[in-house]
Amino acid sequence: MTGSEIRARFLQFFADRGHTMVQSSSLVPHNDPTLLFTNAGMNQFKDCFLGAEKRDYLRACSSQKCVRAGGKHNDLENVGRTARHHTFFEMLGNFSFGDYFKKEAIAYAWDFLTKELGLDTSRLYVSVYTTDDEAADIWHKQEGVPRERIFRFEEDNFWSMGDTGPCGPCSEIFYDNGSEIGCDSPNCTVGCDCDRYMEIWNNVFMQFDRQPNGELIPLPKPAVDTGMGLERITTVMQGVQSNYDTDLLRTIISYIENLAEKTYGDNEEHDVSMRVIADHSRATAFLIADGVLPSNEGRGYVLRRIMRRAMRHARMLGFEAPVLYKTAIFVLESMALAFPDEAKRSSFVAKVVQNEEERFILTLGNGLRILQDEIAKLEQLQQKTIPGETVFKLYDTYGFPFDLTADIVEKDGYILDEAGFETCMEEQRKKARAHWKGSGEEAVAGVYKELIEQGIRSAFSGYQSLEDQSEVLVLLQEGQQVEEAVCGEKVEVICSTTPCYGESGGQVGDTGAISSDEASLRIIETRKPLPNLLVHSCEVLTGAIHHRARVKITVDAARRLQIVRNHTATHLLQAALQKILGEHVKQAGSLVTPERLRFDFTHFSPVSPQELQQIEELVNSEIRRNNTVSTREMASDEAIAAGAMALFGEKYGDLVRVVEVGDFSMELCGGTHAKAAGDIGLFRILSEGGIAAGVRRIEAVTGDTALAQVHEQQQMLSQIGNILKTDQANLEQRLHKLLEHQRQLEKDLEQLQSQVNANLGGDLLSQVQIIEGIKLLAVRIDGCDGKQLRELSDQLRDKLQSGVLVLTGNFEESVPLLVAVTKDLTDRVSAGNLIKPLAALVGGRGGGRPDLAQAGGKDAGQIDNLLAAAPMRLKDILQG
Ligand code: SER
């Protein structure tokens with residue numbers, strides 16, 4: 001039975017028993033910043049267990065892609081060296097949300113293993129939580145598992161998702177791989193660390209919600225969460241010892257064998273490398289397909305560590321060129337049946353991987369040399385610890401993650417000075433913090449936090465209207481609350497409600513005016529330092545503004561109109577990019593100002609002029625369709641399921657605001673928008689370019705700014721037409737003609753110059769001097785560049801027949817200098833030697849062959865001195 005068949009059989013088994021088959025969720029957990037990567041099937045159901053979310057089913061099953069990379073049991077270094085460690089794996093699971101509980105869960109698990117898969121019961125063992133007599137009885141009485149095969153553990157039989165959240169006692173099922181496997185100790189039994197008794201399935205009886213203080217609060221309804229590693233159960237079914245020998249991973253290893261022209265099983269070190277690449281290719285392919293990009297922080301850094309480790313092992317297998325992108329494509333294509341969406345992104349994934357590998361190959365060699373030098377030093381000192389500074393330097397300069405360095409030196413028995421490394425890291429962080437402190441941001445942010453703690457809130461009323469009546473809650477000057485601010489002063493004003501949008505989500509804040517009976521203020525900008533806190537930075541124009549004053553707040557409407565056009569256009573642009581360039585396009589940043597919009601997105605090659613034109617046309621055709629822009633509140637999961645574009649890893653509240661432009665675009669967004677697409681009027685792209693590996697930026701304008709830009713270009717064209725004395729239709733032709741004409745002129749000029757030089761040659765010969773019996777011609781010729789001096793020197797040399805030439809003069813801002821020596825004299829004078837002291841006189845340096853040397857100087861004032869010095873310098877050389 002292949003791994004795929006087992007996956008399908010599992011899902012079908014539970015579907016036949018009333019479970020809804022649910023798609024694997026993304027490896028990037030939505031709505032849960034506490035979790036780095038999805039690491040269990042239950043993650044996507046967390047809120048169902050807590051009772052905070054209702055779905056229209058009470059039973060579910062899934063095969064969930066998971067990544068575990070780091071932490072006590074998931075050291076990267078182990079992966080590839082053992083039979084079972086992985087970064088990426090699939091977890092088969094069945095779930096009950098307050099429907100069935102222990103009895104049914106145990107029956108399903110036992111039936112699936114023994115009846116559906118036909119496992120030999122004499123090889124199966126189970127464990128329950130120390131005090132869970134109920135589960136032990138069910139195993140024994142209901143399923144007939146002998147008491148001596150039921151073990152009890154405390155820590156291992158209590159499962160929790162993290163420090164807080166759903167948790168409960170669990171019951172595990174073990175498969176005995178046989179006495180020939182494992183540690184052979186007489187005490188070896190279930191729970192031993194060796195490979196003999198392998199845990200295959202964990203059934204968690206979810207009963208509690210663990211609080212931050214450790215308290216266990218009972219869940220509204222007890223639930224079931226189970227997880228069986230697909231790779232492990234496949235190992236059992238295929239009768240192999242290692243997960244890497246199942247078809248799930250062995251096919252990838254075969255693919256690597258072919259590329260590397262090496263045989264798996266021939267050499268232990270190569271085998272490790274093949275396993276590392278097989279496992280890491282899966283994590284790499286799926287993480288990138290889910291939108292994670294290699295970077296220096298957070299999820300991106302974990303991905304980078306995984307990728308770089310695989311890349312190093314690829315070099316150890318003898319690959320010089322990038323190869324990981326090929327294995328990543330292979331992974332996605334061979335898993336396309338179970339993961340069709342990910343497979344569709346394989347060309348994007350390949351580009352990201354290839355790009356990262358090309359960059360890493362450049363620094364890998366240098367880093368390895370540093371490490372070898374260090375090891376040579378340590379060998380002499382007979383020490384085995386790589387100093388923290390070296391590890392840090394490798395990290396900081398050569399992009400070697402800590403665990404990559406550890407992995408490289410491990411086989412030679414070296415360890416890393418982790419504490420020393422941490423000290424260097426802390427040092428660097430301190431520097432960064434010191435930098436940050438200087439900006440004063442930290443202190444200011446504290447004030448706003450205090451206000452929120454005091455219960456100060458400001459509501460935003462500016463989606464519908466641009467004017468509102470309100471009350472001044474707080475006046476701030478230099479981070480301190482004040483009672484009043486008077487004419488000429490700057491002050492921050494916080495009101496109970498305001499129509500002014502505070503800068504957030506890339507949209508700049510509004511400007512406008514505040515007025516009371518006693519004062520008028522200009523709003524310079526509006527910010528939103530914390531949710532529910534809108535701060536107007538103002539200047540008091542007349543009178544005095546007081547704490548608690550009743551005020552009228554007015555938004556600068558013309559400016560807001562420009563902003564909303566650009567914001568709605570940004571949504572259209574994002575949708576158009578996805579339609580024209582592909583689904584992999586994800587927002588990486590955006591800025592919406594009155595003047596223009598800027599949108600950063602993931603994409604791996606420059607956008608071609610044709611694509612840009614298509615994008616611009618698509619956006620403009622949506623503008624002409626003039627669909628209404630509608631906004632509504634929805635449950636965030638529902639919005640994402642309906643296809644609303646959201647930012648990866650962003651924490652959204654339960655209720656989100658969804659902005660739709662007809663059927664063309666649907667995005668989660670809190671910003672302000674045009675009423676209909678047609679309000680945008682016109683959309684024009686100004687520029688496109690790369691800003692980081694895999695991230696592009698488009699800048700564009702809309703409305704009257706776009707029209708003004710069209711006019712500007714039009715005007716420029718007609719001015720050029722005037723200058724060239726032609727109308728626009730003939731501009732191109734006229735320019736071609738002019739350029740052709742110019743080329744002809746240059747040719748003519750060159751010919752004339754040669755003729756002039758030839759004639760000049762004759763005249764110059766009269767200036768020959770004789771130094772120590774040798775003819776020297778040292779002359780000034782202004783207006784010739786180096787190339788022309790060379791042509792002239794050829795003719796003069798012919799005429800001189802035997803002698804030395806020194807030619808120099810003023811050319812534009814420079815002083816070209818040439819020394820030539822006829823062949824018969826080069827054993828007495830070398831042009832290269834003579835030019836050095838002469839060039840120095842005009843502030844230049846030069847050199848060349850014995851018969852010809854050239855230099856360029858700057859100091860035209862010294863040309864005559866140079867010529868006067870030439871006979872002396874020649875004499876020096878001749879006299880040795
Ligand atoms: N959530 C449990 C685990 O990860 C069961 O799936 O082991």
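In this text the structure is predicted, and so the values were computed from the model without any measurement. One-based numbering, in listed order, for ligands and for the atoms of each.
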Chemist: Is the shortest distance from a heavy atom of Met91 to ligand 1 less than 4.0 Å?
Modeler: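 Yes, Met91 has heavy atoms under 4.0 Å from ligand 1.
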Chemist: What do you reckon, does Asn202 have a nitrogen or oxygen under 3.5 Å from a nitrogen or oxygen of ligand 1?
Modeler: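 Yes; the residue has a nitrogen or oxygen that sits under 3.5 Å from a nitrogen or oxygen of the ligand.
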Chemist: Does ligand 1 have an atom under 4.0 Å from some heavy atom of Arg68?
Modeler: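 So Arg68 counts as touching ligand 1.
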Chemist: Could you list the residues that satisfy side chain to side chain contact (heavy atoms under 4.5 Å, CB included) with Ser171, not counting sequence neighbours?
Modeler: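 Residues passing side chain to side chain contact (heavy atoms under 4.5 Å, CB included) with Ser171: Val128, Trp139, Phe205.
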Chemist: If you measure from each non-hydrogen atom of Thr226 to ligand 1, which part falls under 4.0 Å: side chain, backbone, both or neither?
Modeler: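 Only the backbone of Thr226 comes within reach of ligand 1.
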Chemist: Using the benzene-type ring in the case of Trp, are the ring centres of Tyr264 and Tyr244 under 6.0 Å apart?
Modeler: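 When the ring centroids of Tyr264 and Tyr244 are compared, they turn out to be at least 6.0 Å apart.
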Chemist: Salt-bridge test for Arg275 and Glu268: reply yes if a basic N is under 4.0 Å from a carboxylate O, no otherwise.
Modeler: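 Yes.
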Chemist: Provide, to 0.1 Å, the distance between atom 1 (N) of ligand 1 and the closest protein heavy atom, together with that atom's residue and name.
Modeler: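 For atom 1 (N) of ligand 1, the nearest protein heavy atom is Asp225 OD2, 2.8 Å.
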Chemist: So, for Phe151 and Phe174, is the gap between ring centers shorter than 6.0 Å?
Modeler: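 Ring centres of Phe174 and Phe151 not closer than 6.0 Å.
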Chemist: Are there over 12 heavy-atom neighbours, none belonging to Asp120, within less than 6.0 Å of that residue's CG?
Modeler: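 Atom CG in Asp120 is crowded, with more than 12 foreign heavy atoms closer than 6.0 Å.
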Chemist: Which ligand 1 atoms does Met42 reach within 4.0 Å, using its non-hydrogen atoms?
Modeler: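 Per the distance check, 1 (N).
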Chemist: Hey, which atoms in ligand 1 end up nearer than 4.0 Å to a heavy atom of Val204?
Modeler: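 Those atoms are 2 (C), 5 (C).
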Chemist: For ligand 1, is there an N or O atom under 3.5 Å from any N or O atom of Gly227?
Modeler: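 Gly227 vs ligand 1: N/O contact under 3.5 Å present.
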Chemist: Please state whether the rings of Phe112 and Phe14 are parallel, tilted or perpendicular, taking 30° and 60° as the class boundaries.
Modeler: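 Phe112 vs Phe14 ring planes: tilted.
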